[in-house]
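All chains are named by letter (A, B, ...) in the order of the sequence lines, taking the proteins before the strands, and each is independently numbered beginning at 1.
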2 protein chains.
Amino acid sequence: MSRPPGSDARLAVSTVIFALEPGVTPDGVEHEASGPRSLWIPLVRRLRGPGKDRWALPGGWLGAGEALETAAARTLEETTGVTPAYLEQLYTFGSPDRSPGERVVSVVYWALVRPEETTGAIDDPNVRWFDPDSLPPLAFDHNLIVEYALARLRTKLGYSQIAHAFLDETFTLAELREVYETVLRRPLDPANFRRTVEASGALVETGEVRTGTPHRPPKLYRPAEPADAGANGLFRVPIAPHLRKQS
Amino acid sequence: MSRPPGSDARLAVSTVIFALEPGVTPDGVEHEASGPRSLWIPLVRRLRGPGKDRWALPGGWLGAGEALETAAARTLEETTGVTPAYLEQLYTFGSPDRSPGERVVSVVYWALVRPEETTGAIDDPNVRWFDPDSLPPLAFDHNLIVEYALARLRTKLGYSQIAHAFLDETFTLAELREVYETVLRRPLDPANFRRTVEASGALVETGEVRTGTPHRPPKLYRPAEPADAGANGLFRVPIAPHLRKQS
DNA sequence: TCAAAAGTGTTGTACCTACACCCATGA
DNA sequence: TCATGGGTGTAGGTACAACACTTTTGA
């Protein structure tokens with residue numbers, strides 16, 4: 001175990017950032033429950049090096065003495081100006097030929113961000129938001145990475161409460177259901193959705209209702225206490241039953 | 001993105017190797033279905049450096065131009081002399097302080113091996129097999145890693161067919177059930193187990209039966225075609241329903 | 001013929017789906 | 001009052017758990 005020459009790979013960190021496209025508001029006003037949303041991810045244009053001029057996941061090199069998750073949050077913040085509401089390690093990609101010319105091992109994270117936080121960096125010409133289900137050819141193996149992250153997001157939605165990370169502190173059940181419908185790309189029965197979520201114990205009523213709607217004011221909820229067991233968020237307990245990816 | 005000084009972390013690869021302890025056979029003869037088994041993992045004694053004299057996961061440095069999974073399989077083979085029947089990336093651990101004195105980022109894999117392959121390296125004094133549920137304090141953060149791998153194994157058993165990787169080419173339903181019972185640490189109803197597995201389509205009959213038992217000869221099965229979609233085994237489709245970790 | 005494991009049948013329960021229906025509000 | 005989304009009730013289906021039962025072999 002004396003130091004062999006092998007360890008010359010460079011360590012990079014990238015993040016697949018998921019957001020919900022805010023509802024189409026021609027004026028700048030924040031409309032609640034406005035229009036059909038869709039899943040969006042931000043990509044950055046590579047200005048140099050391999051994969052030049054192609055779109056790529058935001059990321060960067062791991063800093064000295066920097067934790068992996070910290071590096072992911074940092075590069076994410078540098079790109080989009082948001083702090084992630086949810087951040088989890090996805091996978092580490094390290095094929096020797098994935099970056100031409102040099103050996104790069106990328107620890108990839110995925111993140112969920114709230115919609116109103118995504119308006120910051122949108123008008124940078126080198127940052128563009130894409131529909132993750134129909135991407136152009138990206139730099140390196142990033143198409144594969146996004147595909148994998150998407151699958152993980154859709155699967156994990158069914159047995160955890162990550163959907164909350166797309167929403168504000170308080171939200172209605174219709175808004176939460178809209179998140180599920182958008183991510184899973186299928187409609188859900190409002191009645192059954194309500195019962196399933198209520199039975200899971202993941203939500204508590206705030207006692208408030210959302211006013212200003214043209215109809216009956218819906219109750220506002222907020223997430224129950226996270227109660228995340230395990231060190232450094234590695235073990236997140238599945239609670240909410242059965243909103244699976246496939247019917 | 002010009003090369004910053006940050007990338008000085010060393011890249012290591014470790015593997016949590018799961019096996020089933022072979023049934024207790026005082027003679028050297030291979031007895032089928034002999035006695036209650038238990039889950040076993042091999043650890044190696046650290047002979048130098050940080051964590052000296054403690055037990056640790058088998059592993060090593062990533063070789064130049066070597067794929068991560070290849071490095072995992074290589075170090076696994078060097079330690080135990082077996083080729084894994086199943087190998088999957090678990091998580092990448094990279095806290096700055098996890099190894100005193102130097103920055104090490106470890107890409108950790110987990111593997112399943114067949115029981116008769118585990119007899120090779122057992123008598124090396126620097127390799128010992130442990131019950132993963134009651135380990136001594138290991139080097140570095142390896143206790144946490146084993147705990148995480150165990151959770152993944154038990155969860156994944158419920159929605160995939162990895163249990164086959166513990167067994168030979170052909171096996172009886174009782175043997176397969178014993179794998180589940182050992183890993184999940186609870187008894188399963190033979191009748192319901194049979195129906196669940198048969199309905200999953202994961203098994204096909206060989207037409208043979210296992211003779212030499214004192215009782216009715218059971219049919220022998222083998223796994224159905226893997227049908228693993230997706231590149232490099234990243235996407236493994238869940239099929240077998242509902243043999244969950246908790247009742 | 002007996003013991004024990006292999007394999008089959010059956011019933012209850014829990015949960016999910018579908019959809020009918022009532023409730024509350026702004027316009 | 002009406003339209004509409006919020007919210008409740010309920011019947012049918014599916015799947016799993018429990019366990020009684022039959023089958024098949026070696027001894």
Side-chain angles (χ1 to χ4, degrees), chain A residues 23 31-37 157-159 167 170-181 184 186-221 238-247, chain B residues 23 31-36 157-159 170-181 184 186-221 238-247:
Chain A
H31 283 181
E32 309 292 344
S34 52
R37 295 174 165 177
L157 209 67
Y159 63 89
L167 299 170
T170 66
F171 46 83
T172 68
L173 284 182
E175 288 166 350
L176 182 63
R177 179 167 47 86
E178 192 187 11
V179 172
Y180 277 85
E181 291 178 334
L184 300 180
R186 65 183 162 99
L188 296 172
D189 185 302
N192 297 328
F193 181 82
R194 164 179 303 276
R195 269 183 295 256
T196 301
V197 169
E198 279 176 346
S200 77
L203 259 47
V204 290
E205 297 185 13
T206 63
E208 314 266 309
V209 295
R210 185 185 301 294
T211 57
T213 65
H215 308 301
R216 172 173 175 176
K219 295 179 191 168
L220 284 170
Y221 294 81
I239 297 186
H242 311 305
L243 286 166
R244 292 287 147 73
K245 196 163 139 197
Q246 290 282 5
S247 170
Chain B
H31 283 181
E32 309 292 345
S34 51
L157 209 66
Y159 62 89
T170 65
F171 47 84
T172 69
L173 283 183
E175 287 164 351
L176 182 64
R177 179 166 49 85
E178 193 187 11
V179 172
Y180 277 86
E181 291 178 335
L184 300 180
R186 63 183 163 99
L188 296 172
D189 186 302
N192 296 330
F193 182 83
R194 164 180 303 276
R195 267 183 295 255
T196 301
V197 170
E198 280 177 344
S200 76
L203 258 49
V204 291
E205 297 185 12
T206 62
E208 314 268 308
V209 294
R210 184 184 304 293
T211 58
T213 67
H215 307 300
R216 173 173 175 176
K219 294 180 191 169
L220 283 170
Y221 294 80
I239 297 187
H242 312 304
L243 286 168
R244 293 288 146 74
K245 194 164 141 198
Q246 290 282 5
S247 167

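- Between the OG1 atom in B:T170 and the CD atom in B:E175 there is a gap of 8.0 Å [rounded to 0.5 Å].
- Smallest separation of non-hydrogen atoms from A:D189 and A:A191: OD1-N, 2.8 Å.
- Taken from NZ in B:K219 to CG in B:L203, the straight-line distance is 11.5 Å, to the nearest 0.5 Å.
- Taking OH of A:Y180 as the reference point, atom OG1 of A:T196 lies at 9.5 Å (rounded to 0.5 Å).
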Can you name the atoms? Protein N/O to nucleotides 11-13 of chain C N/O, anything below 3.5 Å, with the distance.
none

For nucleotides 22-25 of chain D, list the nitrogen or oxygen atoms of the protein found under 3.5 Å from its nitrogen or oxygen atoms, one pair per line.
unit_1 : atom_1 : unit_2 : atom_2 : d
D:dT23 : O2     : B:R216 : NH1    : 2.8

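- Out of D:dG7, C:dT8, D:dA17, the shortest distance to the side chain of B:A191 is found at C:dT8.
- When the C1' atom of D:dG5 is taken as reference, atom CD of A:E178 falls 13 Å away, rounded to whole Å.
- Note: CD (A:E205) to C1' (D:dG6) measures 13 Å, nearest angstrom.
- Here the P atom of nucleotide C:dT25 and the CZ atom of A:R210 are 16 Å apart, to the nearest Å.
- A:T206 places a side-chain N or O within donor-acceptor distance of the main-chain N or O of A:L220, the cut-off being under 3.5 Å.
- In this structure, CG of B:L220 is placed 12 Å from P of C:dA6, rounded to the nearest angstrom.
- Shortest non-hydrogen contact noted between B:T213 and B:R210 is CG2-O, 4.1 Å.
- For B:N192 and D:dA20, the CG to C1' distance is 13 Å, given to the nearest whole Å.
- In this structure, the side chain of A:E181 engages the main chain of A:L188 through a donor-acceptor pair within 3.5 Å.
- Between the OH atom of A:Y159 and the C1' atom of C:dC16 there is a distance of 21 Å, rounded to whole Å.
- Annotation: salt bridge (charged side-chain N to carboxylate O under 4.0 Å, His left out) contacts of A:E208 (sequence neighbours excluded): none.
- Rounded to whole angstrom, the span from the CZ atom of A:F193 across to the C1' atom of D:dT8 amounts to 17 Å.
- Atom-to-atom, CZ of B:R194 to P of C:dG9 comes out at 12 Å; the value is rounded to the nearest Å.
- For D:dG7, the base has no donor-acceptor partner in the side chain of A:R195 [N/O atoms by modelled type, under 3.5 angstrom].
- The shortest heavy-atom contact between A:L173 and A:Y221 is CG-CE1, 3.6 Å.
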